[in-house]
Amino acid sequence: MNNQQINGYRFNSFFKGVAMNDSVRLIMVGGFLGAGKTTLLWEAARLLSQRGEMVGLITNDQAPGLVDTTFLSWTGSRVEEVAGSCFCCNFEGMIEAVQKLRNDGAGIILAEPVGSCTDLVATIIRPVLQLHPWIELKELSVMADPGRLAEILDPVENGMLHRDAAYILRLQLQEADRIVIGKSDSLSDSDIKAIRERLTGEFPDTALSILSSFSGNGLHQWLADVLTGPGPMKGQRPDSQTPGMDVDYDRYAQGEAVLGWLNAVVTLHHEKTGKTAISEIESHSDCHESSFKLLVENFMSEMKSLLKDPVPLEIGHLKTCVTWKKGMILSNLTALDREPDFRCREFPQNLSLMEETDIKANPEDIKVNGTACATADGLENESASLTINARVQTDPDTLARIVERAIEKAVQASAMRGEIVSFTSLKPGRPCPTHRYGV
Ligand SMILES: Nc1nc2c(ncn2[C@@H]2O[C@H](COP(=O)(O)OP(=O)(O)OP(=O)(O)O)[C@@H](O)[C@H]2O)c(=O)[nH]1
Ligand SMILES: [Mg+2]
């Protein structure tokens, strides 16, 4: 089933009238960790590429080694990673990434600021509008996970999400030109109605899209609205007349600091021969069932139990990705009381997430196309690697110990040897934006 069939219409019709000119169009999609930004970017990049657009993508994080970058690079579009700080604290780094992609021919760039970042209108949107008119900036979309909305709109004492982290989420929604509620495939019609009423009541100046990157519902409409819309309305209001958003930077800093941040890359070797795992594993037709799948499954379940006990440590987002020459297994967990999902990709076919089997809750159901692991010929020098990004409500040392333990146990149980080639754990520093306009 293709997207056109899903939505019962030809998506090309939405793009009629979209201006084509020399300046590069930039679509920013913000929103909290795990909201679905990267998945939306994947689908948007695919749709735009099908239409003949050259698409560039920009990822952003406090440290290098991003699952998002690995994942998005499989779209076939060029991906630039701005790592080491958020876009607002490394404004020049973000502009450089836009320039690079434009010089490489990108006509549309989709950018995802780090999930714990806010005050984007003052620190990114207005500075881009004023300093870089060659960038045709589109309205600011901010995504929210419907499962997190209650925590944002009606925060409670002792909720799972720290109140200062919830404060960041609220600010993100407040400054959006368009709030995007993703994962609508997991919502009933009455849920959607209630969300629509609540958000339009609470944020009457803000456009609203409710969509699913998995089913495609609402996705084409969002893309068309953003491309043909008037641009970043909140950022364009005159600075002197419209006060900027009131942001308590102490609270914002605290909201970021309650999350430990960890990025790691592990190269996988076969336990007995010491060869890179791929050369051993790919020679067996049941390779994924017995090895990569087991590894990811073990790692996620080990992490979940270590994070639950002795004191529950809420997850912002735990992402892992095993990649090898011909495939990828991605797993995400976006809250401690949820189950991880697993997605398998065979490169380079079937780039649409919508047409793939997305497995929820039961890792046993993972389906992998055997052709991805049919032969070891010529793969001796290829490696398989496991990338881990964990954002968890705890200090970075505790998080590092937990992740190391989970890697060790998962690798052992999968008859592999893991070599940690990069490991960074940190607490994000206080945000120090390069620019802050109109506040
Ligand atoms: N059911 C459902 N799940 C989705 C959809 N889009 C994304 N997800 C899931 O939501 C989780 C997070 O998705 P991402 O796209 O990585 O979220 P993100 O906002 O980029 O997260 P960060 O990069 O950590 O800020 C993953 O488990 C996805 O599979 C959707 O349309 N429907
Ligand atoms: Mg992401």
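Start at 1 and go down the list; that is how both ligands and their atoms are numbered.
With respect to the salt-bridge test (charged N to carboxylate O, under 4.0 angstrom), the residues D164 and R251 qualify. Between K193 and E197 a salt bridge is recorded (basic side-chain N to carboxylate O distance below 4.0 Å). Using a cut-off of 4.0 Å between Lys/Arg side-chain N and Asp/Glu carboxylate O, R401 and E404 are scored as not salt-bridged. At a threshold of 4.0 Å, the pair K304-E339 counts as salt-bridged, since one of the basic side-chain nitrogens sits closer than that to a carboxylate oxygen. Taking a cutoff of 4.0 Å between a charged side-chain nitrogen and a carboxylate oxygen, K427 and D397 do not qualify as a salt bridge. A salt bridge links D68 with K319; the closest basic N to acidic carboxylate O contact falls under 4.0 Å. Between D225 and R178 there is a salt bridge, since a side-chain N of the basic residue sits under 4.0 Å from a carboxylate O of the acidic one.
The closest approach between R391 and ligand 1 stays at or above 4.0 Å for every heavy atom of the residue. Contact between M143 and ligand 1 is absent, with no heavy atom of the residue lying under 4.0 Å from the ligand. Residue-ligand proximity: G182 is placed with every non-hydrogen atom at 4.0 Å or more from ligand 1. Residue contact annotation: A35 has a non-hydrogen atom under 4.0 Å from ligand 1.
D68 contributes atom OD2 as its closest N/O/S atom to the Mg ion (ligand 2). When you scan the N, O or S atoms of E112 for the one nearest the Mg ion (ligand 2), you land on OE2.
Tested against T118, the residues E175, Q172, E256 include a single side-chain hydrogen bond (donor to acceptor under 3.5 Å, both in side chains) partner, E175.
For L40, no nitrogen or oxygen atom sits less than 3.5 Å from a nitrogen or oxygen atom of ligand 1, counting backbone and side chain alike. Checked against a 3.5 angstrom limit, the closest N/O atoms of G34 and ligand 1 fall inside it. Taking distance alone, with nitrogen or oxygen atoms compared against 3.5 Å, D68 approaches ligand 1 more closely than that limit.
Contacts with ligand 1 closer than 4.0 Å are made by heavy atoms of both the backbone and the side chain of S213. The part of D341 lying near ligand 1 is the side chain, judged by heavy-atom distances below 4.0 Å. With a heavy-atom cut-off of 4.0 Å, T334 touches ligand 1 through its side chain alone. Here T38 has heavy atoms under 4.0 Å from ligand 1 in both its backbone and its side chain.
Not one N, O or S atom of T59 sits under 2.8 Å from the Mg ion (ligand 2).
Each of the atoms 22 (P), 23 (O), 24 (O) of ligand 1 lies under 4.0 Å from some heavy atom of K319. Within ligand 1, the atoms closer than 4.0 Å to a non-hydrogen atom of E112 are 20 (O), 22 (P), 23 (O), 25 (O), numbered from 1 in the order shown.
Side-chain atoms of L318 and F299, non-hydrogen and from C-beta on, do get closer than 4.5 Å to each other. At a threshold of 4.5 Å between non-hydrogen side-chain atoms, the residues T424 and Q62 do not count as touching. Considering only heavy atoms from C-beta on, I210 comes within 4.5 Å of R196 through its side chain.
Of the candidates H317, R343, K183, K183 brings a heavy atom nearest to atom 5 (C) of ligand 1.
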